[in-house]
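Only a predicted model underlies this, so the values are computations on that prediction, with no experimental measurement involved.
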Amino acid sequence: MTLEAVLVVASALFAVGLYGALSQQVVVMVMMGLELMINGILLAAGGFWWFLAPDPSGQVLLLVILAAMTVEMAMGFAVATLLHRRRQTDMTDMAQELSR
Amino acid sequence: MLIGIAFWVLAVIAVATGLAVFVVNSMARATYALAVSFIAVGGQILLLQQNYLGLITILMMVMEMAVMAVYMVMFMGMNPALMPMDMTHGKKTAIGASVGAFVVLAGGALLVPWPDRRGGPPDDLTHALGLEIMDGKMLVMAVVGAVMVATIVAGVVLAAGRTRYDRFGDDLRQRGSNGASLGGAQK
């Protein structure tokens, strides 16, 4: 296990998430893509921490990434609920114009 | 050696189940696949000796996937385990962007001359992290706390169908506005 190996795996997770976030139509699936991307970032940050400077203060950054993940999910569910309530849909294509 | 093998096994599971999220033909399976991917990444973080964060990742993500399952049952109006689906758009662009991102990131990871490790981890990392949060990095956690509260408020405001400001009529029981005259309370 080396830093390079961890970063390559993290890159793969990020790339898979990016594919999902760009290609999926269902809001929940887009959120899953974003989650995978943040997951990759979390792993990369963990790798950087362990292999470069394992100081406890660096761990706080990982906690912030986890918090960002939570916020993304909570707001995503809220927006998806709003979309369902207003438009009876769960597809991003039906929400291209948010003003209407 | 054993840690290396465990790392690669978890890496394969994490990436394969991550891919499966967008390949399987039902949303329920996609949710389970994502949960497995998160557990594998949590395991990898545990291998990097970050017990607290690895465990939090696993617990949080399992709960999050449970919420997602409830969400599907509530809103999607289908049995998610039985409904095959392929709801994608711009697949070629997405694959191009994804492969490009992987090549750039992985290339950078392999080509950059990373510096040597500086210092060593504390004996009890969880304890040290707790002290750090309550001492030098307290401002960070205070800001995260405020952001969490803002998220709760914003989430409720967005998701609630009817808010305290949507009450009309003398008894405040009328649900919608009927126009601007009489303050929207005219029936």
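- A/Ser11 places no side-chain N or O within donor-acceptor distance of the main-chain N or O of B/Phe102, the cut-off being under 3.5 Å.
- Enclosure of atom CG in B/Leu131 by more than 12 non-hydrogen atoms of other residues, nucleotides or ligands within 6.0 angstrom is indicated.
- The candidate from B/Leu158, B/Val67, B/Val21, B/Val104 with the greatest count of non-hydrogen atom pairs under 4.5 Å with chain A is B/Leu158.
- Contact of the A/Met69 side chain with the B/Met61 side chain is registered, since non-hydrogen atoms from C-beta on lie closer than 4.5 Å.
- With chain A as partner, the option from B/Val144, B/Asp135, B/Thr31, B/Leu34 having the largest number of non-hydrogen pairs under 4.5 angstrom is B/Leu34.
- Counting heavy-atom pairs closer than 4.5 Å to chain B, the top residue among A/Leu22, A/Val16, A/Leu42, A/Val64 is A/Val16.
- Rounded to the nearest 0.5 angstrom, A/Ser23 OG and B/Lys91 NZ are separated by 7.5 Å.
- Interface remark: A/Leu66 contributes backbone and side-chain atoms alike to the contact with chain B (heavy atom separation under 4.5 Å).
- Using a 4.5 Å cut-off between heavy atoms, B/Met141 touches chain A through its side chain atoms alone.
- Both A/Ile41 and B/Val15 belong to a common hydrophobic cluster when Ile, Leu, Val, Met, Phe, Trp and Tyr are linked at side-chain heavy-atom distances under 4.5 angstrom.
- Note: B/Glu64 CD to A/Glu72 CD = 7.5 Å, rounded to the nearest 0.5 Å.
- Applying side-chain contact (heavy atoms from CB on, under 4.5 Å) to A/Pro54 and the options B/Gln49, B/Arg118, B/Arg117, B/Gln50 leaves one that passes, B/Arg117.
- Contact count versus chain A (heavy atoms, under 4.5 Å) is highest, among B/Gly4, B/Ala150, B/Gly155, for B/Gly155.
- Taking A/Ala68, A/Ala53, A/Gly20, A/Ala67 one by one and counting their heavy-atom pairs under 4.5 Å with chain B, the maximum is reached by A/Gly20.
- Per-residue heavy-atom pair counts under 4.5 Å with chain B were compared for A/Val79, A/Leu3, A/Asp55, and the maximum is reached by A/Leu3.
- Contact count versus chain A (heavy atoms, under 4.5 Å) is highest, among B/Ile45, B/Val143, B/Leu47, B/Leu125, for B/Leu125.
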Exercise. Dump the intermediate steps for side-chain contact (heavy atoms from CB on, under 4.5 Å) on B/Phe38 and A/Glu35, then the final yes or no.
Key: CA-CA 9 Å; B/Phe38 277 124; A/Glu35 290 277 306; 3.6 Å; yes

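- Annotation: maximal heavy-atom pairing with chain A below 4.5 Å, among B/Leu48, B/Asp116, B/Thr151, B/Ile5, occurs at B/Leu48.
- In this structure, A/Tyr19 and B/Phe22 have side chains that are in contact, with non-hydrogen atoms separated by less than 4.5 Å.
- Going from atom CG of A/Leu13 over to atom OG1 of B/Thr17 covers 8.0 Å, rounded to the nearest 0.5 Å.
- No part of A/Ala10 comes within reach of chain B, as not one of its non-hydrogen atoms sits under 4.5 angstrom from that chain.
- No side-chain heavy atom of B/Val12 sits under 4.5 Å from any side-chain heavy atom of A/Val9.
- When each of B/Gly18, B/Ala6, B/Ala101, B/Gly136 is scored by its heavy-atom pairs under 4.5 Å with chain A, the top score falls to B/Gly18.
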Practice problem: Walk me through it: do B/Leu110 and A/Val8 pass the test side-chain contact (heavy atoms from CB on, under 4.5 Å)? | Solution: CA-CA 8 Å; B/Leu110 295 174; A/Val8 166; 3.9 Å; yes

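- Remark: B/Met63 CE is loosely packed, at most 12 non-hydrogen atoms of other residues, nucleotides or ligands lying under 6.0 Å away.
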Quiz item: Taking it one step at a time, do B/Met60 and A/Thr70 satisfy side-chain contact (heavy atoms from CB on, under 4.5 Å)?
Solution: CA-CA 9 Å; B/Met60 205 174 90; A/Thr70 319; 3.4 Å; yes

Exercise. For the pair B/Leu105 and A/Leu7, evaluate side-chain contact (heavy atoms from CB on, under 4.5 Å) and give the outcome as yes or no after the intermediate values.
Key: CA-CA 8 Å; B/Leu105 291 173; A/Leu7 292 182; over 6 Å; no

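- To the nearest 0.5 angstrom, A/Trp49 atom CH2 is 8.5 Å from B/Leu53 atom CG.
- Residue A/Asn39 touches chain B through both its backbone and its side chain, counting heavy-atom pairs closer than 4.5 Å.
- Of the listed residues (A/Val60, A/Leu18, A/Leu61), the greatest number of heavy-atom pairs within a distance under 4.5 Å of chain B belongs to A/Val60.
- Residue A/Leu63 touches chain B through both its backbone and its side chain, counting heavy-atom pairs closer than 4.5 Å.
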